[in-house]
Colleague: 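Please see the structure below; I have some questions.
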Amino acid sequence: MRKEIKLAGFGGQGIILMGVFLAHAAGYFEGKEVAQTQSYGPEARGGACRAEVVISDEQIDYIKTLNPDIFVAMSQPAFDKYVFGINPETTEVFVDQDLVAKVPEEIKHVHRIPATKLAEEMCGNKMAANTVMLGALVKNTNIVSADTIKATLSKQLPAKLQELNFKALDYGLNYCE
Amino acid sequence: MRKEIKLAGFGGQGIILMGVFLAHAAGYFEGKEVAQTQSYGPEARGGACRAEVVISDEQIDYIKTLNPDIFVAMSQPAFDKYVFGINPETTEVFVDQDLVAKVPEEIKHVHRIPATKLAEEMCGNKMAANTVMLGALVKNTNIVSADTIKATLSKQLPAKLQELNFKALDYGLNYCE
Amino acid sequence: MHPLGEKYIRKGTLPYLWCPGCGNGIVLHATLSALDELNIMDRIALVGGIGCSGWIPTYINADTMHVLHGRTIPFATGLKMSDRDRKVVVFSGDGDCLGIGGNHFIHGARRNIDITVVMIHNQIYGMTGGQVAPTTPYNGKTKTSPYGNNEPPFDACELARVAGASFVARWTTAHPRQLSKTIQEAISHEGFSFIEVLTQCPTQAGRVLYGTANAAKLLDMLKESTISITAAKNKSAEELQGKLLVGKLYHDECKPEFTSCYYRRNNAISSL
Amino acid sequence: MHPLGEKYIRKGTLPYLWCPGCGNGIVLHATLSALDELNIMDRIALVGGIGCSGWIPTYINADTMHVLHGRTIPFATGLKMSDRDRKVVVFSGDGDCLGIGGNHFIHGARRNIDITVVMIHNQIYGMTGGQVAPTTPYNGKTKTSPYGNNEPPFDACELARVAGASFVARWTTAHPRQLSKTIQEAISHEGFSFIEVLTQCPTQAGRVLYGTANAAKLLDMLKESTISITAAKNKSAEELQGKLLVGKLYHDECKPEFTSCYYRRNNAISSL
Amino acid sequence: MEQVEHNIKIMQGNEAIVEAAIAAGCRFFAGYPITPASEIAEAMAQRMPQVNGVFLQMEDEIASICATIGASFGGMKACTASSGPGISLKQEGVGYAAVVEAPIVIINVMRGGPSTGMPTAPGQQDIYQAKYGSHGDYEIIALMPSSCQEAFDLSYKAFALAEKYRVPVYILSDEIVGHTRERVKIPTGLKPVERKEPPLKENYKPYEAGPDGLLNGMPAFNKGYKILIDGQLHDEEGNRAAHLPEVCAGLTERICKKITDHANQLVDIEDSFTDDADILVVSFGSPSRPALSAVKEARKKGIKAGCVKIRTIWPFPDNVIADLALKPHTIIVPELNIGRMVNEVKRVVAGKCEVVSLPKLGGLLHTPSEILAEIERRSKVCTR
Amino acid sequence: MEQVEHNIKIMQGNEAIVEAAIAAGCRFFAGYPITPASEIAEAMAQRMPQVNGVFLQMEDEIASICATIGASFGGMKACTASSGPGISLKQEGVGYAAVVEAPIVIINVMRGGPSTGMPTAPGQQDIYQAKYGSHGDYEIIALMPSSCQEAFDLSYKAFALAEKYRVPVYILSDEIVGHTRERVKIPTGLKPVERKEPPLKENYKPYEAGPDGLLNGMPAFNKGYKILIDGQLHDEEGNRAAHLPEVCAGLTERICKKITDHANQLVDIEDSFTDDADILVVSFGSPSRPALSAVKEARKKGIKAGCVKIRTIWPFPDNVIADLALKPHTIIVPELNIGRMVNEVKRVVAGKCEVVSLPKLGGLLHTPSEILAEIERRSKVCTR
Amino acid sequence: MVIIDNNYCKGCFLCMHYCPKKIIDKSTNINGKGYAVPYIANPEECSNCKTCELICPELAITVEEGDN
Amino acid sequence: MVIIDNNYCKGCFLCMHYCPKKIIDKSTNINGKGYAVPYIANPEECSNCKTCELICPELAITVEEGDN
Ligand SMILES: Cc1ncc(C[n+]2csc(CCOP(=O)(O)OP(=O)(O)O)c2C)c(N)n1
Ligand SMILES: Cc1ncc(C[n+]2csc(CCOP(=O)(O)OP(=O)(O)O)c2C)c(N)n1
Ligand code: SF4
Ligand code: SF4
Ligand code: SF4
Ligand code: SF4
Ligand code: SF4
Ligand code: SF4
Ligand SMILES: [Mg+2]
Ligand SMILES: [Mg+2]
């Protein structure tokens, strides 16, 4: 089974890191094939940026996303720029509810998560918004398990950032829309 | 009619200049086709060096000498290095008699010219040996006329060198073996 | 937008691709004022290197070449020599100018050709993502000096002077007024003029070298680490310890300029 | 042949391709004595640039690279870093070192990497037939400056010092003893050492710049145009007018050397 | 795939190259930052000191390749990395390495050109440059990975080939491979590539070749060989021979033929569904993955499509491709350039079947459906 | 030959190039000494000031080509000259010139390579480098003289083509042509090549091309155009467009096709005795003269041999050569390299006749008898 | 009068930091590109010194002569 | 003792010019390469100073310790 995930947002929101974490959880801890790519270079500065992850049980021939099964947008410009390719009927769409106001009504599965707000208010650091979102994503899609994403965070993050991120992940995992 | 001339000697003897003068006389003043080439670069330093001139009434397809009609050698090492290709029966060979001692007996037409000695003793400057030789060459082969070679010298040489070289040329033109 | 921007910025290139708080915009503004004051937009040629800083002239609506990494000065040399009345201003990063472009830099200075080089010194390779530069402080940790930089940095102003530049100045982006005035003076000077501008790069140098992306903090650091030559005159050696001199460091108005000497000689020859 | 030649000259390369009276042979001799005295033929790597002078090391029976025009110092850097106990000596013409190779020169100096650079300064591009060099005197007439050189020459020693070299010296081929001693000292020094050797090139510089191919006359001119720093101490400014200083111009024994610092740090890291 | 013990890592192609280099025994890297190759330098900067190796960021790309060659003769396995503009600058050094027969590895993480071009987009426009970029006659070997795993495997192999053939070996990666993170299996206990020391005889001749044109090992400096390495054409002893036409002709011919004569040994292709294929997609590097995808789709639709991925692109696998061209009616060549390698395919196929170029410019990878569409179009045009 | 008034001069090929450049209106030269191209710089140093032009000896070859491009946009017709090693260094600049469409002329007086190679010997080893030396997809024009007269004529033409096509034009001369002194007829009253100034409109778009892919003239700096020249891929206005795949693809394609689409207009060949020829010698540059000599000899011996000299080598005259290949049974391709251009001939001949490579390495020119021997051998093998 | 062009502001707050009168402050406004923009909290105290104008890397600030 | 190896001498006469004792002179000998070579005119006056040895670009001169 091939799954395509596209993550988009604002430079500095940790979008690419979300992709890297997903790839690690699936590829390293769950033994799946993964391919993770991202937008790159100065053209990505300030404006919208994106990361893509393909997860599959088989060899991945095409590494880019064409019709993402999951689309995450953490800003309105990023949503607008990268929403192409999703299937309004089937794609699971996650948005930061305070940063993405306009979501076309045609899109069926929209998850509105106050990721930045939760990060800021509950964890004291809005930089952790991506981890909150990651939690919500994992909870709602089971694209990887909560356990492997936790294992990934402990392996990949420097010690001093772990507490904050575990807290943020939990807020995401436990958030009810 | 295609004529090939090979001139060889010691770096600094003005061998290439002889070639250039012949080319000018034939090409510029006599309206013939000419091609003049030379050995080149640091490998030519100090050791033997050569110039080649091809003179023809028709278009020159091959610019190098293969079987020179005329071969001039101003030093023994140069003679030895560049004598290849001459026809012992027909090639007119000119040597500075004081600098080239060993000339194979098989060679029929050998002209022994004391070019350096004449230049030094009669013109007071052994640097003019090449012009003496040029005179002898012109006289004995008529490859170009004495007039056009004179015209070349007056066109190509800086004023202060003209007297010396006209004198040297005359010694060559008038030298009887 | 600021009226200078309205007047001189190339339509369709905005927004600037620079990160928030980047010093390149400050240099751009200072340049626009200088060019405006001089009123020479019609006879100026701008040349930008490759790097964030090399973009500065590409936003300006003038005749501009955005060239190869490190090669600003040779391109500028061709532009200057092909029209002696043209003024040429180069914008080059510290990597562009002193790294790959170091040889052209010293040769341009040696010739004392009438080109103004504004070198944007952010202590790092910004555009490529924070690698060590020939200006990175000794022991500084960057993406390619993760254990600390083993190489002492150049003093670009000293290098320019010894190589032959006839106008040498240094400022920081915390001195926008002085910078603009100096750019103006450098362009007016006939000869090779070099201006080193220390600038904040919050994204790369800031994060990688100083652990902060706060532009204001970085700019404060720049300000504090420098002292103007006039102010320095009355200071003791102790007080000057660790301070970099800013201001006009060297100016020789009499040194023969390459282009004009060249054409003067040409005139003598071709009128023979 | 001289016993040093018998001992160290590579069989089958003779005769030297240099013109009669060329100074390169004098530098070769001085080098052989220095290497012999140091007794390090087994741990020396020699690097020659492209140019008449670049041939110097190719005649020596040691591990030698004859490299690309202008690139001696990068090759030498690879050789040095791949064996920290190896000593590396570079022979580079003034065109090779300061023309096309100028950037590597200042960066090698900046790093203060343990390489000895012997720059053969004959004021010209010798091998290619007498074109203008970055060391040709102002107004000098050469094949490519037939109306006089428009560009002032570099002071290579000053450039080396400002860029970061820790040992800087200058001699001429009229000082073969001192030259040999200085080469020895430079090789022993740990750090970037630079020796500029002014030398006669009768064929090109001699003929083209000075109108004479007389080696002795040219060597006399070199001698007369220089004064040793020790002798200069007691001279008035007037007496020194037009004289170039020769001798050891700069020596900083304490400056950290690149290779040893690098490996010291490596040891700390790799033993973690 | 062989059953070997391995560790799994998730890494970018650029990182995989670094790990493979270190596994192959590379202990010297000199480079200069450039997108999209900079991560190679960054990872080298991190990793080399950990294995007591050398990382140098030089003043430019010219210095980088020269230092790399210096280090190679200095006794270390050595490599350099860059992208288009930097690779162009290295060309004089490539020719030097070829003629002095320096075993070095040159990594080109290809981006869109020409000139500054598209710095952050992939391309395959530099394949001919790899072969013809420097002046003079010479040959190199070039390998093209299409995944992080191949980036690892081929990089290891590159060092082995460089040592064996005493030749610069290119890894022609691209921005996609360089920046994609994938699972990479790293075999445990991978041995460093051997550098053979030649026998130290009296009058050792560094350029005396065997009948196969190959030199006998690689002497390092300061090991007693006392060698002269010269970029001028030289004789067996290494002495300049520019004045000896036969020696020069011999050396030039040998450094070319030692590679082209071994083309068959150097072949490295991966073919899928080729046995009965009517239509073949011949590709290399990144497009070979959507190509395989498209071929699988085509098979599902009943089209007898097949797929060949060329991993050793230089020397070109003339014979293998000529053989594979006997059965299909059409060969499609998708590439991220204006259609270059298709000419090599045409040359060797020599009219035996239709050869169709499927170029893609602008910095985007072919999608599987683009390639599938071409397969479908061609299978309709010509069905037999 | 046309009957025009002319002056005769005896000069070296290198000097002829300089005189032609000046006649064509070139007023800027930047270079760096190198054998066997130095005489071009030396003659330029002498001549440029006499016509109030600029001669610069730069610090290296990179600076030389960059200054040349700068001067071209500065408003002067401009050129640079070098040989193998220097040409390799210029490659990044060549790509820049191609993508910003700078009309410049690059003279390569070819010597033996690779690397420092054979500095004083001729070669034709750099023909593919001229086309593929820089990274990325681009095209250039390349002309090859075989005599001093052609050196003059083709150099003049090079400037005209550079202006018309807004492209770097190579003159691929060699040590033989460069250093041979011959008679050169210089037409009197030769007019400088015209540089067309584009119409100065509101919102002038410097990269807006006509339907033939060509730009409308050449704007100079400080003439009111206010243009942005950028080596990054750009739109019609000159603005960076690396993020716009279609714009990038379009530009890349256009700068290639504006040359290849005009291949037929650019053909410049000279054929002798081809009408009834069974054997054809196809050559370019220096070997084409002994080739003609050999063909004449062969005719004397009753062999129907013919001769084709290719003067515009890039774009390759595909169609003309394909047509000429219809009659003969064999084509012989003598070249001063390991046998490179023979592959182009093979490609276009596509099996229509036998194609035989006659390479010559080591720095010597083919003699007429060497070529004649091959003609005789082949005429015996295959007589119909 | 100090005019901040919100369209171009990238929220770096150099203006705020360098205003000698400390009269520029963060606002709650987010501009189209997602940046928090500053505003002039106490326009009447402005000395027209133009520091903010010169230091703004985005040329987003214009200080006009005349009343604040 | 001063030994000049005629095989290597290129007749530049730097030795002659720089001998402090002025005891080296031009000879009438021409060596195999065609160069006029010098000779030691007054060996007994030699001071063994080695100047000639060090200045000879061809390494053609050896000054041995001991009697001249
Ligand atoms: C020949 C070449 N090498 C490398 C690069 C990649 N590159 C782009 S910008 C840059 C350096 C940027 O640093 P700097 O010049 O200091 O400018 P900044 O971005 O810091 O302003 C490099 C190495 C290139 N474009 N061309
Ligand atoms: C890249 C390159 N450019 C140019 C040359 C030609 N070249 C050979 S030697 C030389 C310069 C010689 O001058 P210098 O370095 O001063 O050495 P010298 O001969 O004077 O000792 C040049 C330009 C070359 N070999 N390679
Ligand atoms: S990386 Fe640094 S220099 Fe480049 S735009 Fe960002 S802040 Fe400015
Ligand atoms: S040209 Fe000059 S430097 Fe070269 S060998 Fe001759 S004298 Fe020496
Ligand atoms: S300085 Fe300019 S960009 Fe920065 S916050 Fe102020 S107005 Fe905005
Ligand atoms: S002009 Fe001066 S005082 Fe007024 S807001 Fe700007 S910085 Fe503050
Ligand atoms: S110095 Fe040497 S080469 Fe010169 S004349 Fe004396 S012995 Fe001969
Ligand atoms: S050793 Fe001294 S004194 Fe004796 S010959 Fe030589 S230079 Fe003259
Ligand atoms: Mg920088
Ligand atoms: Mg020199």
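These values consider heavy atoms only, across backbone and side chains, with no hydrogens, waters or symmetry-generated copies. Quick note on labels: first sequence line is chain A, next is B, and so on, each numbered from 1.
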Colleague: Less than 4.0 Å between a side-chain N and a carboxylate O, is that true for C/Arg111 and C/Glu257?
Modeller: no
Colleague: Below 4.5 Å from any heavy atom of chain D, which atoms of C/Arg265 appear? Answer side chain, backbone, both or neither.
Modeller: side chain
Colleague: With the threshold set at 4.0 Å, does a side-chain nitrogen-carboxylate oxygen contact exist between C/Asp155 and C/Arg161?
Modeller: no
Colleague: Less than 4.5 Å to any heavy atom of chain D: does that hold for the side chain of C/Ile113, its backbone, both, or neither?
Modeller: neither
Colleague: In terms of heavy-atom pairs under 4.5 Å with chain C, which of D/Pro256, D/Gly99, D/Ala109, D/Gly164 leads?
Modeller: D/Gly99
Colleague: Quick one, D/Thr259 with D/Met81, criterion side chain to side chain contact (heavy atoms under 4.5 Å, CB included). Give me CA distance, side-chain angles, the key distance, then yes/no.
Modeller: CA-CA 6 Å; D/Thr259 319; D/Met81 292 300 285; 3.8 Å; yes
Colleague: Need one label for D/Asn149: side chain, backbone, both or neither, based on atoms under 4.5 Å from any heavy atom in chain C.
Modeller: backbone
Colleague: Under 3.5 Å, is there a donor-acceptor pair between the C/Thr135 and C/Asp94 side chains?
Modeller: yes
Colleague: Under a 4.5 Å heavy-atom cutoff, which of C/Ala163, C/Pro134, C/Gly101 has the most pairs with chain D?
Modeller: C/Pro134
Colleague: Using 4.0 Å as the upper bound for N to carboxylate O, is an ion pair formed by C/Lys80 and C/Asp114?
Modeller: yes
